[in-house]
Amino acid sequence: MPFKAPEVVRCPKCSKAVYAAEEVLGAGQKWHKMCFSCGLCKKMLESTTVAEHEGQVFCKQCYGRKFGPKGYGFGGGAGCLSMDSGAHLGNKETAMTNKPNYQAPPNSS
């Protein structure tokens, strides 16, 4: 029976081999300790502080800001209304605006 080497596990972030001494389990995969960090704030994560979205990992606070509910009463703090569109978090589409939505009167010429 020929020798068969064990399959090498690759880190999802850097695609390098992950060995047992440096592995961290999270989001259903094995990561390097230094690669297992939030995709936005770069904070080091643990299996209890991780939230995963489409293969990317985030800390729970950044995940809530980027993918959680938005608008009045959702994390604004002290009942404030924030006009933050989330552009600094990578959100591109938003329905929020501070411009009035007036229609022009019909032209009766």
### Query
So Y63 and F58, would you call those rings parallel, tilted or perpendicular, with 30° and 60° as cut-offs?
tilted

Interatomic distance, OG@S37 vs NZ@K42, rounded to 0.5 Å, equals 6.0 Å

Fill in: Shared hydrophobic cluster, L45 / V24 (ILVMFWY, side-chain heavy atoms < 4.5 Å)
yes

CD (Q29) and CZ (R10) are apart, to the nearest 0.5 Å, by 14.0 Å

**Request:** Report yes or no: does W31 contribute a side-chain atom to a donor-acceptor pair with the main-chain N or O of K13 at less than 3.5 Å?
**Result:** no

| task | Verify, without hydrogens or angle tests, whether H32 (side chain) and A17 (backbone) share a donor-acceptor contact under 3.5 angstrom. | result | yes

For the residue pair L25 and K30, establish whether any side-chain heavy-atom pair is separated by less than 4.5 Å. yes

Tightest non-hydrogen contact, residues Q61 and R65, listed as NE2-NH2, 2.8 Å

One should read off an interatomic distance between C62 SG and H53 NE2, to the nearest 0.5 angstrom, of 14.0 Å

(message) Counting only heavy atoms from other residues, nucleotides and ligands, does the tally under 6.0 Å from CE of M44 exceed 12?
(response) yes

Taken to the nearest 0.5 Å, the spacing of M34 CE from C14 SG works out to 11.5 Å

*Taking side chain as C-beta onward, heavy atoms only, is T49 less than 4.5 Å from C59?*
no

